[in-house]
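Read through the structure below, which is laid out as structure tokens, and then see the notes.
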Amino acid sequence: LALDLLEPFRAPLGDRLALALLNTKAIETRDFDFSGGARLEKNALKGVLRAYETAVSRPFCDSQSGERASFRRLFALGAQKMAQSLENGVAFRAFCAA
């Protein structure tokens, strides 16, 4: 259920952030430990988490409501809408990036 709530944000937040980190060389091959799989080194992970925190907190104009919002706020609103949907049997409409 949590992943269902977050899936609509994959492209506008997750993919965009990943591409920005790669394009700006904030993350490079040397930042990964390939022994036993591929994991980010500790310092690179800290950088990714800082960039994620900035991205989810940055306000923008929500195309659905026309109001200024952040992804963090939209996460909370989506959870509230899902809870109301489950409790009241009303249709749930997920976030849609325009």
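This one's a predicted model, so the numbers in the text were calculated from it and none came from an experiment. Heavy atoms only: backbone and side chains are in, while hydrogens, waters and symmetry mates are out.
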Using side-chain heavy atoms (C-beta onward) and a distance below 4.5 Å, is Phe75 in contact with Leu6?
yes

What are the two closest heavy atoms between Asp33 and Ser35, and how far apart are they?
OD1-OG, 2.7 Å

If you look at every heavy atom in Glu41 and Arg30, which pair is closest and at what distance?
CG-O, 4.4 Å

Check against side chain to side chain contact (heavy atoms under 4.5 Å, CB included), Asp31 and Val48
CA-CA 11 Å; Asp31 295 318; Val48 169; over 6 Å; no

Closest heavy-atom pair, Phe92 versus Ser85, reported as atoms and distance to 0.1 Å, is CB-OG, 3.6 Å

Taking the side chain as every heavy atom from C-beta outward, state whether Tyr52 and Leu13 have any pair of such atoms under 4.5 Å apart.
yes

For a quick test of reading the model, state the closest non-hydrogen atom pair linking Val90 to Gln84 and the distance between them.
CG2-O, 4.0 Å

Donor-acceptor pair, distance only, cut-off 3.5 Å: does the side chain of Ser70 make one with the backbone of Arg58?
no

Looking at every heavy atom in both Ser57 and Arg72, which two are closest together, and how far apart are they?
OG-NH1, 2.8 Å

Taking all atoms of both residues into account, what is the closest heavy-atom pair of Ala44 and Leu40, and its distance?
CB-CD2, 3.9 Å

For Leu19, look at atom CG and say whether over 12 heavy atoms of other residues, nucleotides or ligands are found less than 6.0 Å away.
yes

Say whether, by atom type as modelled, one donor and one acceptor occur between the side chain of Thr54 and the main chain of Arg50 under 3.5 angstrom.
yes

Under the ring pair (Phe, Tyr, Trp, His ring centres under 6.0 Å) test, which residues partner Phe60, sequence neighbours left out?
Phe71

For residues 15-25, pull every pair meeting side-chain hydrogen bond (donor to acceptor under 3.5 Å, both in side chains), keeping only residues two or more places apart or in separate chains.
Arg10-Asp15

Thr29 and Phe34, any side-chain heavy atoms less than 4.5 Å apart:
yes

